There are 2 protein chains.
Amino acid sequence: MSSSTGTLRVAVLDRDGAFIKVLGNRLDAAGWQHRVLGGIVPVEELVAMKINALVLDMSVLPPEEAWPYLERVCGMLPGLGVIICTNESTVAQRVRGLRLGADDWVAKPCHPEEVMARIEAVVRRRRRRSSDGDERGPLVVGELEIRADQYQAFVAGRSADLTRREFELLQALADAQGSVIERGEVYRRVWGYEMAHGDRSVDVFIRKLRIKLEQLSPSWTYIHTHFGIGYRFDPEPLDPSASGAPASAPAAPAAEPALEPADA
Amino acid sequence: MSSSTGTLRVAVLDRDGAFIKVLGNRLDAAGWQHRVLGGIVPVEELVAMKINALVLDMSVLPPEEAWPYLERVCGMLPGLGVIICTNESTVAQRVRGLRLGADDWVAKPCHPEEVMARIEAVVRRRRRRSSDGDERGPLVVGELEIRADQYQAFVAGRSADLTRREFELLQALADAQGSVIERGEVYRRVWGYEMAHGDRSVDVFIRKLRIKLEQLSPSWTYIHTHFGIGYRFDPEPLDPSASGAPASAPAAPAAEPALEPADA
DNA sequence: CGGCCGTGTGAAAATCCGGTTACCAATCGG
DNA sequence: CCGATTGGTAACCGGATTTTCACACGGCCG
């Protein structure tokens, strides 16, 4: 069955009073958070809303603005589910909208229940991590314990004292277990939209993360740099041989003859 | 960018001759691979088809089978895009289908172009979910293992330590399996724009690649030069007889079958 | 057989990229 | 409203990577 999609955050960009009202009631009944927008909202604001999906009536936008706006929204927020819900339309228009990045196109009049089902279907494919905690079990990697429910990482019960962003970055990296992730992709997953050219935020936060992780777990390396590409998360015990006094030897460093990191 | 969906593999489960025919033509025109199914196909077979999406007409299935089948398919293949395309339906049915895991529901009659746009939209989403690169299995050639998700090539778990360009070059060559590619073409694929006259970058990188590959896999040759034309990627085991003292370089090991069966 | 053109090679020169630090802006709590 | 904390930007540095050169080598053609 519908399997708890949990609580979703939806924005409705429309002016059709009756539709808004009816849909709003249903959304409330389902416990979804929603907000109605009366006209074009800058993409930055959409970002700030941290919504999972946007229901959009193309006809409320000025004709010349509509398509570019749709393109901009979809381009900047690849993780956002976009459902076009408009009165009448031609095949060509629908195709265009879908090609530009919309996920679904429904013709009005439509039943709110169906709109919701379609939102669910769209969001099901890629759930944005929003402010609600997930019931994901604690992930243990190396001597690190990542607790999504706490927005925090621990080692032996001691907190790494990560800020929200730092934690999300860690989680994004850890979720990709073993694979190299490009900067842009990291940014997209953590910040939720496209990274601007020349943005160094990821690097800076990687550094902050590394510092805190190293402070907490000095004998392990977690984040590996792949020059020219991005980062890879992979817990690796640091070889204690060179250092002066590795008080508590981590026993077996011969764990995995895995991949040799590029750095030295 | 949203485009370059590349070539998709689609299965159509329907019996509506006209629809199948028209849609099939469009799919062919777009270069998508497709296959028509006449009735219920076991999920295992769907798995084996390695399709990206399934277009399904619920009405061709026996009424009692339809819903359970849909549920089974969606449950077993969470990565498969499912587009229901059926004659008439009620809101309740559509909601049910979407809740069960379908990604879209289109009413017949519908324009094939729109169906394709919707398939694209669905697949586009699916791809993001499993993060890029994850889908592409590691390519094994000779004793080389090319892992797109690592931006790296391995032999027996050892990394070749390729830089980004080197890796992209390798991938470009390997993608052309067996065919000779002109310098200009190689350059275009890897660097992304037209090669300037007299540019030797490709040669230099070919050399770097050869060195690293030979270091890792001494008994194989991977990149072949075609004088006056370009390069060809083709794993070829080096003749072991001349190992110690290659008295007279027997340049031509005679036969050159296109694809030498790789070991393990 | 000799020369020309295309390719292999090695290394210097020019870029690019990531690490790091300092600093400014926004947000939060009191 | 102030101070503390967090997020984001700018700039500099050092090292990795890419590009450019100059020359050696080898096949191809007249």
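Given the structure is predicted, the values throughout are model-derived calculations rather than measurements. By convention in this document, chain letters (A, B, ...) are assigned in the order of the sequence lines, proteins followed by strands, and residues within each chain are numbered from 1.
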Colleague: Looking only at side-chain N and O atoms, does Y231(A) come under 4.0 Å of OP1 or OP2 in dC17(C)?
Modeller: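 For Y231(A), the contact criterion (side-chain N or O under 4.0 Å from OP1 or OP2 of dC17(C)) is not met.
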
Colleague: Rounded to whole Å, please give me the gap between CG in D161(B) and C1' in dT17(D).
Modeller: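 Rounding to the nearest Å, CG of D161(B) and C1' of dT17(D) are 12 Å apart.
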
Colleague: Below the 4.0 Å mark, does dG6(C) have OP1 or OP2 next to a side-chain nitrogen or oxygen of R183(B)?
Modeller: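 Looking at the OP1 and OP2 atoms of dG6(C), neither is under 4.0 Å from any side-chain N or O of R183(B).
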
Colleague: Tell me which nucleotide among dT18(D), dG19(C), dT21(C) gets nearest to the side chain of R207(A).
Modeller: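 Nearest listed nucleotide: dT21(C).
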
Colleague: Aromatic rings F233(A) and Y222(A): how do their planes relate, parallel, tilted or perpendicular, breaks at 30° and 60°?
Modeller: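 Geometry flag for Y222(A) against F233(A): parallel rings.
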
Colleague: So, D103(A) and R118(A), do they make that salt bridge, N to O below 4.0 Å?
Modeller: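 Salt bridge absent between D103(A) and R118(A).
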
Colleague: Is it true that a side-chain atom of Q152(A) and a backbone atom of F167(A) form a donor plus acceptor pair closer than 3.5 Å?
Modeller: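 No: the side chain of Q152(A) does not pair with the backbone of F167(A).
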
Colleague: Between dG15(D) atom P and H226(A) atom NE2, what is the distance in whole Å?
Modeller: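 About 21 Å, once rounded to whole Å.
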
Colleague: Atom CD1 of I206(B) to atom P of dT7(C): distance rounded to whole Å?
Modeller: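 Taking atom P of dT7(C) as the reference, CD1 of I206(B) is at 11 Å.
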
Colleague: Give me the one residue out of V43(A), V47(A), L46(A) that meets side-chain contact (heavy atoms from CB on, under 4.5 Å) with M76(A).
Modeller: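 Among V43(A), V47(A), L46(A), the one meeting side-chain contact (heavy atoms from CB on, under 4.5 Å) with M76(A) is V43(A).
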
Colleague: Name the atoms and distances for all side-chain donor-acceptor pairs under 3.5 Å in residues 65-73 of chain A, with sequence neighbours left out.
Modeller:
{"residue": "Y69(A)", "atom": "OH", "partner": "V41(A)", "partner atom": "N", "Å": "3.4"}
{"residue": "Y69(A)", "atom": "OH", "partner": "V41(A)", "partner atom": "O", "Å": "2.6"}

Colleague: Under 4.0 Å: is that the gap between some side-chain N or O of R164(B) and OP1 or OP2 of dC17(C)?
Modeller: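 Checking dC17(C) against R164(B), no side-chain N or O comes under 4.0 Å of OP1 or OP2.
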
Colleague: Output one letter per nucleotide in nucleotides 19-30 of chain D: B when a protein non-hydrogen atom lies under 4.0 Å from the base, S when only the sugar-phosphate is that close, - when neither is.
Modeller: BB-----B----

Colleague: Looking at dG8(C), dT17(D), dT20(C), which one has an atom nearest to any side-chain atom of T163(B)?
Modeller: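 Nearest nucleotide to the side chain: dT17(D).
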
Colleague: State which residues pass salt bridge (charged side-chain N to carboxylate O under 4.0 Å, His left out) with R96(A); sequence neighbours excluded, sorted by chain then number.
Modeller: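 Applying salt bridge (charged side-chain N to carboxylate O under 4.0 Å, His left out) to R96(A) gives none.
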
